[in-house]
Amino acid sequence: METRILSVEKDGLEAVCAACREVFLAGGLAAFPTETVYGLGADGLHGENSAKIYAAKGRPSDNPLILHIGERAQLKPLVTEIPESAEKLMDAFWPGPLTIIFKKSAIVPETTSGGLPTIAVRMPSHPAANAILKTCGIPIAAPSANLSGRPSTTRASHVIEDLTGRVDLIIDGGDVPIGVESTIIDLTQEIPVMLRPGYITLEQLREVLGEVVEDPAIRRESIIGHTNEVLHPKAPGMKYRHYAPKAPLTIFSGSEEKVREKILSLLDENTGVLTVDEHKDAYPEEHRVSVGSLKEPESIAHNLFDALRRFDEMQVTAILSEDLTDADIGDAIMNRLLKAAGGSFVTLE
Ligand code: TXA
Ligand code: MG
């Protein structure tokens, strides 16, 4: 398949929106930027169209897709009810990086919902995504625009690398602002459950709703040492090894000094080190990738997937990572890093 590439900056938003509309209405695939990560979109209301996403990504078909909308009025036909809790969350966080799970209506095909009776919906705030969705007028099913299992895409170059020849259109909208996927909350249970940590934190959700629980499978302790497989996360996609660079990744935790000593002792010519600005000088330049500054956890979120992809370019055979931050968006950062490591985490006493 030939893949057309358009740029928001060079070709203009109007041309980009028109091209996406044409592709989506013809049942094709287009990748576009959102504020979290790039998305790989298709018409979400016709199963034969959204099914193409699974093939292009190499994604298991039991892993449901998120429907993206440009206006709140598009939500009602997709769901059987809109609980009051959802109204509160939408008022507080939409458009923005929050995905809400509802009971789905009959018009949402099971291919899109991965066979589940529920559907995930999100209204992105990225100006290009929002304009594209408004122009198309149909809900667009869109997972992250990466090959299944690989790190999500936060730069147009990542999307071009993974999806050229597999999709009809790629929209280059520059680097995305946030860099980790949306927070997911399930409102179909008696008590709201956070299924995936993201830019919107558990505390922020609790400020709006009161009681919110966390799916136990997404906690740090659950991912470490693969116990996740036993816990069965409620978001099907959270159960796979994910976000992963090609080389195996191990995370080291402990005092700054112990971590540095351990990583230096394991370093050889084929090893990469994932570190932060504050610690990077301890490691040789050819081996290290600094993901951002501990003083700005948002910089770490912004660069994380790019850093993981850099190790593929360096062709290292092993990656040694420092335990990154737990502050603010740190919950989401460590969730992704632990998944990329397949739970390989060493605590240094
Ligand atoms: O930020 C984002 O959410 C990005 C951008 C493109 O919007 N999208 C994204 O989609 O991350 P994806 O497909 O990579 O991740 C969606 C996650 C998966 O873990 C999936 O299993 C879960 O959401 N999910 C989707 N529908 C669900 C449902 N009905 N019940 C439980 N989990 C669901
Ligand atoms: Mg994904």
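Keep in mind it's a predicted model, so treat the numbers as computed, not measured. Just follow the structure's listing: the first ligand is 1, and inside any ligand the first atom is 1.
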Evaluate whether atom [atom1] of [X] has more than 12 neighbouring non-hydrogen atoms of other residues, nucleotides or ligands under 6.0 angstrom away.
{"X": "Phe24", "atom1": "CZ", "answer": "yes"}
{"X": "Glu161", "atom1": "CD", "answer": "yes"}
{"X": "Arg220", "atom1": "CZ", "answer": "yes"}

Any heavy-atom pair between the side chains of [Y] and [X] that's under 4.5 Å?
{"X": "His68", "Y": "Gln74", "answer": "no"}
{"X": "His279", "Y": "Arg260", "answer": "no"}
{"X": "Ile300", "Y": "Leu294", "answer": "yes"}

Number the atoms of ligand 1 from 1 as they appear, then name those within less than 4.0 Å of a heavy atom of [X], with their elements.
{"X": "Leu116", "answer": "28 (C), 29 (N), 30 (N)"}
{"X": "Ser144", "answer": "8 (N), 9 (C), 10 (O), 12 (P), 14 (O)"}
{"X": "Ile184", "answer": "17 (C), 22 (C), 23 (O)"}
{"X": "Glu181", "answer": "1 (O), 2 (C), 11 (O)"}
{"X": "Ile66", "answer": "3 (O), 8 (N), 9 (C), 10 (O), 16 (C)"}
{"X": "Ala120", "answer": "25 (C), 26 (N)"}
{"X": "Ser182", "answer": "1 (O), 2 (C), 3 (O)"}

- Item | Distance-only donor-acceptor check, side chains Ser253 and Asp323, under 3.5 Å |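 A donor-acceptor contact under 3.5 Å links the two side chains.
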- Query: Do Ser152 and Glu181 have side-chain atoms, one donor and one acceptor, less than 3.5 Å apart?
  - Reply: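 Side-chain D/A pair, Ser152 to Glu181: present.
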Have a look at ligand 1 and work out which part of [X], if any, has a heavy atom under 4.0 Å from it: side chain, backbone, both or neither.
{"X": "Arg59", "result": "side chain"}
{"X": "Asn63", "result": "side chain"}
{"X": "Lys234", "result": "backbone"}
{"X": "Pro64", "result": "both"}
{"X": "Asp186", "result": "neither"}

At a 4.0 Å cut-off, with the gap strictly under it, does some heavy atom of [X] reach an atom of ligand 1?
{"X": "Ala142", "value": "yes"}
{"X": "Arg196", "value": "yes"}
{"X": "Glu35", "value": "no"}

Polar-atom distance check: [X] versus ligand 1, any N or O pair below 3.5 Å?
{"X": "Thr118", "result": "yes"}
{"X": "His68", "result": "yes"}
{"X": "Lys57", "result": "no"}

- Is the backbone of Lys280 close enough, under 3.5 Å, to the side chain of Arg288 for a donor and an acceptor to pair up by distance?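 Checking the backbone N and O of Lys280 against the side chain of Arg288, a donor-acceptor pair under 3.5 Å is found.
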- What is the minimum heavy-atom distance between Gly44 and Leu67, and which atoms define it?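 Minimum heavy-atom separation between Gly44 and Leu67: CA-CD2, 3.7 Å.
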- Below 4.0 angstrom, N of the basic side chain to O of the carboxylate: do Glu322 and Lys262 qualify?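 Salt bridge flag = no for Lys262 with Glu322.
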- Flag Tyr243 as yes if one of its N/O/S atoms falls below 2.8 Å of the Mg ion (ligand 2), otherwise no.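 Here the distance criterion (N, O or S atom, under 2.8 Å) is not met by Tyr243, so no.
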- Among Ile100, Ile101, Ile218, which residue meets the side chain to side chain contact (heavy atoms under 4.5 Å, CB included) test with Ile184?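 Single side chain to side chain contact (heavy atoms under 4.5 Å, CB included) partner of Ile184 among Ile100, Ile101, Ile218: Ile101.
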